[in-house]
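Chain letters run A, B, ... following the sequence lines, proteins first and then strands; every chain starts at 1. The shown structure was predicted, so the numbers you read here are calculated from the model rather than taken from an experiment.
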Amino acid sequence: MATFQTLPGFREFYPEDFARRNHIFRRWRHTANTFGFSEYDAPVLEPLELYRAKSGEEIEAQLFSFTDKGGREVALRPEMTPTVCRLVGARASALKRPIKWFSIAEFYRYERMQKGRGRCFSQFNADIFGEPGPEAEIELIALLVQCLCAFGLTEQDFHVRLSDRDLWIFYLEALGLDEARIRAVLVAVDKYEKMGDEAFKPYAESFGPLDGGLKAKILSFLAIKSLAVLEQTVANLDGGRLGARLGDWKKLLGALAAMGLARFVEVDLGVVRGLAYYTGFVFEAYDRKGELRALAGGGRYDDLVEKLGGPALPAAGFAIGDMTFALLLEQRGLMPDFTQAPDVYCVIGGEAERLAAFGDIQALRAAGHRVDYPLKDMAFGKQFKAAAESGAKLALIYGSDELAKGVVKVRDLTQRSELEVPRAQVLATVRDFFSGA
RNA sequence: GCGAUCAUAGCUCAGUCGGUUAGAGCACCAGAUUGUGGAUCUGGGGGUCGCGGGUUCGAGUCCCGUUGGUCGCCCCA
């Protein structure tokens with residue numbers, strides 16, 4: 001057993017693992033680019049205060065934080081949102097609108113590990129700044145769906161549950177609740193799916209038992225799963241704000257339907273996301289079977305940029321975590337096998353032949369072909385075995401017979417056929433082979 | 001922070017009632033094999049049985065502790 005172990009909850013990426021992670025990152029990045037989002041990155045280490053300001057003192061227990069040699073309190077970033085708010089806030093007036101940004105980065109949280117959760121993980125983050133209307137959510141939810149579909153997942157595999165904190169607040173106000181009670185009810189709603197009636201206990205402790213009729217209304221609102229029922233429910237209440245808000249819902253759902261994405265999106269007011277900073281639409285992506293933790297989550301946070309010292313700037317965004325996502329891909333058999341094969345494997349007779357081969361190897365590699373060869377002299381039989389095992393399509397044979405004739409033998413390892421080509425034409429022959437000529 | 005469970009080779013695991021020098025398959029390396037294929041055969045390297053203590057003539061095996069993995073609770077930005 002090695003003396004030194006990986007720190008608890010951290011991950012190592014051996015080449016097979018790294019290939020899988022690269023595959024995921026590559027497709028996320030490509031998808032974000034097709035949606036016109038620009039990639040950014042920022043420091044892994046940030047002032048601890050940035051997270052205190054966003055989430056409060058209690059957050060510190062969940063952070064990898066310490067005091068640096070300059071006496072600064074710092075923390076490894078546990079999320080991207082505060083950072084991107086700072087970046088955008090600092091240059092808000094100079095950035096061309098709409099501001100559509102994404103990042104793929106690693107984060108650290110000091111937590112106990114579970115399935116789909118570790119102390120270090122990666123997230124794809126996408127955010128839109130400066131757009132107050134549902135047009136931002138349209139882009140974000142479409143991007144979220146495509147980021148999952150890009151791997152072959154379908155509406156059989158996942159869904160996006162869409163809810164709205166504004167709607168909840170307007171509705172609860174219409175029912176006559178004050179701000180403190182509304183906050184407590186939202187906490188209960190957030191936990192209701194998991195805990196059932198128990199979820200209302202903290203509310204009862206602060207404000208006394210919730211009136212029976214009121215509770216019934218809240219529970220039926222929570223259970224709403226369609227726009228039609230939603231419209232029906234709020235029809236007779238507080239016409240102004242609720243009505244206008246429903247207009248935003250229609251615009252959002254209409255746009256997603258026009259994109260052909262309606263089958264992925266479900267109205268589900270049971271989702272409110274506990275985070276206090278969300279201000280409007282909120283959404284979460286889950287696997288259909290409900291076996292895994294959330295694949296992605298996001299929503300609108302119109303007050304956060306200003307709260308962190310920037311200008312007032314509306315914003316919305318979401319993040320996809322890599323751990324649960326990779327679990328889902330593997331469960332569905334959608335994680336490809338990544339064996340990295342060279343295009344060309346060189347079979348080399350001896351020292352003199354090796355020097356000749358080196359010239360071609362260098363030229364082929366410079367031309368973009370993946371070329372490998374045995375580092376040390378080996379029997380021909382072994383080299384052919386190695387060539388076959390490597391997965392290369394072509395073998396180039398540099399033997400004494402060939403060199404005497406000024407040729408190289410080119411063997412098609414798939415067809416098991418070979419031909420001799422003059423040494424000067426090796427590069428052209430390989431190029432033509434791989435260009436399909 | 002709490003609970004359950006597990007820990008023997010790089011991986012998957014066996015290891016009898018506590019008894020001699022801890023095994024197998026896969027993987028890796030080499031040979032058979034000095035010019036043609038993923039095979040086969042032979043051999044090899046690789047272990048502080050997670051770590052520490054205890055019981056015992058004797059511990060991979062039993063007991064206590066500890067570290068770590070996995071899963072769940074709290075939390076989940």
Could you work out the separation of U33(B) and G45(B) based on their P atoms and round it to a whole Å?
23 Å
All N/O pairs under 3.5 Å across the protein-nucleotides 72-74 of chain B interface:
from	atom 1	to	atom 2	distance (Å)
G72(B)	OP2	Lys115(A)	N	3.2
C74(B)	N4	Gln114(A)	NE2	2.9
C74(B)	N4	Arg117(A)	NH2	3.1

Going by modelled atom types, is there a donor-acceptor pair between the base of G37(B) and the side chain of Gln383(A) at under 3.5 Å?
no
Taking atom C1' of C76(B) as reference, at what distance in whole Å does atom CD1 of Ile320(A) sit?
17 Å
So do Leu48(A) and Val74(A) actually touch side chain to side chain, heavy atoms under 4.5 Å?
no
What is the distance, to the nearest angstrom, from the CD atom on Glu353(A) to the P atom on U34(B)?
16 Å
Taking the six-membered ring for Trp, are Phe358(A) and Tyr373(A) closer than 6.0 Å centroid to centroid?
yes
Between the base of G35(B) and the side chain of Arg411(A), is one N or O donor paired with an acceptor at under 3.5 angstrom?
no
Using salt bridge (Lys or Arg N to Asp or Glu O under 4.0 Å) as the criterion, list what pairs up with Lys225(A), not counting sequence neighbours.
Asp268(A)
Between U36(B) (P) and Asp401(A) (CG): distance, integer Å
12 Å
Write down the protein N/O and nucleotide N/O pairs, taken from nucleotides 26-32 of chain B, whose separation is under 3.5 Å; answer none if there are no such pairs.
none

Pairwise C1' distance for G60(B) and G43(B), with rounding to whole Å:
28 Å
Can Phe380(A) be said to stack with the base of G35(B), given centres closer than 5.5 angstrom and planes under 30 degrees apart?
yes
Considering residues at least two apart in sequence or located in another chain, which fulfil the side chain to side chain donor-acceptor pair (under 3.5 Å) criterion with Arg423(A)?
none
Both distances under 3.5 Å, Watson-Crick or G-U wobble: on that basis, could you give the dot-bracket string for RNA chain B, with [ ] for crossing pairs and | for other-strand partners?
(((((((..((((.....[...)))).(((((.......))))).....(((((..]....))))))))))))....
Glu79(A) has an atom CD; how far is it from atom C1' of A77(B), in whole Å?
4 Å
With P as the reference atom in both, quote the distance from C49(B) to U21(B) in angstrom, rounded to an integer.
14 Å
Roughly how far apart, to the nearest Å, are A7(B) and C11(B) at atom C1'?
15 Å
Provide, to the nearest angstrom, the distance between the NZ atom belonging to Lys307(A) and the P atom belonging to A77(B).
15 Å
Show your reasoning for whether side-chain hydrogen bond (donor to acceptor under 3.5 Å, both in side chains) applies to Tyr203(A) and Glu205(A).
CA-CA 5 Å; Tyr203(A) 179 96; Glu205(A) 279 163 16; over 6 Å; no
Any residue meeting side chain to side chain donor-acceptor pair (under 3.5 Å) with Thr324(A), in chain and number order, not counting sequence neighbours
none
Quick one: side-chain hydrogen bond (donor to acceptor under 3.5 Å, both in side chains) pairs with a partner in residues 305-319 of chain A, sequence neighbours left out?
none
Does the gap between the ring centers of Trp28(A) and Phe37(A) come in under 6.0 Å?
no
Check for me whether the distance between the ring centres of Trp249(A) and Phe281(A) falls short of 6.0 Å.
yes
Could you list the residues that satisfy ring-ring contact (aromatic ring centres under 6.0 Å, His included) with His23(A), not counting sequence neighbours?
Phe151(A), Phe338(A)
Take the protein atom CG of Leu295(A) and the nucleotide atom P of A77(B), then report the distance between them rounded to whole Å.
14 Å
If you measure only the distance, is there a donor-acceptor pair under 3.5 Å linking the side chains of Thr67(A) and Glu73(A)?
no
Measuring only the P atom in each nucleotide, how far is G44(B) from C26(B)? A whole number of Å is fine.
16 Å
Is there side-chain contact between Ile141(A) and Leu261(A), with heavy atoms separated by less than 4.5 Å?
no
Residues 415-422 of chain A, side-chain donor-acceptor partners within the protein, below 3.5 Å, at least two apart:
from	atom 1	to	atom 2	distance (Å)
Glu418(A)	OE1	Arg411(A)	NH1	3.0
Glu420(A)	OE1	Lys405(A)	NZ	3.1
Glu420(A)	OE2	Lys405(A)	NZ	3.0

Mind checking the P distance from U16(B) to G72(B)? Whole angstroms is fine.
32 Å
In sequence, state the C-alpha distance, the side-chain angles, and the governing distance for Ile320(A) and Leu144(A), and then conclude on side-chain contact (heavy atoms from CB on, under 4.5 Å).
CA-CA 8 Å; Ile320(A) 312 173; Leu144(A) 167 56; 3.9 Å; yes
Using whole Å, what does the distance between atom P of nucleotide G1(B) and atom CD of Glu58(A) come to?
18 Å
Can you check the distance between U8(B) and G69(B), where both ends of the measurement are the P atom (answer in whole Å)?
14 Å
I want to know whether Phe10(A) and Phe64(A) have ring centres closer than 6.0 Å.
yes
Enumerate the residues from residues 415-426 of chain A whose closest heavy atom to RNA chain B is under 4.0 Å, giving them by residue number; use none for an empty result.
Arg416(A), Glu418(A)
Donor-acceptor pairs are to be reported for all side-chain atoms of residues 122-131 of chain A against protein atoms at under 3.5 Å, with residues two or more places apart or in another chain.
from	atom 1	to	atom 2	distance (Å)
Gln123(A)	OE1	Asn125(A)	ND2	3.2
Asp127(A)	OD1	Tyr301(A)	OH	2.4
Glu131(A)	OE2	Gly133(A)	N	2.8

Sorted by number, residues from residues 7-21 of chain A placing a heavy atom under 4.0 Å from RNA chain B are Pro8(A), Gly9(A)
Over all strands shown, is Ser400(A) touching base, sugar-phosphate only, or nothing at heavy-atom distances under 4.0 angstrom?
base
Atom OH of Tyr301(A) to atom C1' of A77(B): distance rounded to whole Å?
12 Å
For G54(B) and A59(B), measure between their P atoms and round to the nearest Å.
11 Å
Determine the contact category for Glu402(A): base if any of its heavy atoms lies under 4.0 Å from a base atom, sugar-phosphate if only primed atoms, P, OP1 or OP2 are that close, otherwise nothing.
base
Mind running side-chain hydrogen bond (donor to acceptor under 3.5 Å, both in side chains) on Arg293(A) and Gln114(A) for me, showing each step along the way?
CA-CA 10 Å; Arg293(A) 55 179 61 241; Gln114(A) 280 172 60; 3.1 Å; yes
Without swapping roles, check the side chain of Asp287(A) against the backbone of Leu292(A) for a donor-acceptor pair under 3.5 Å.
yes
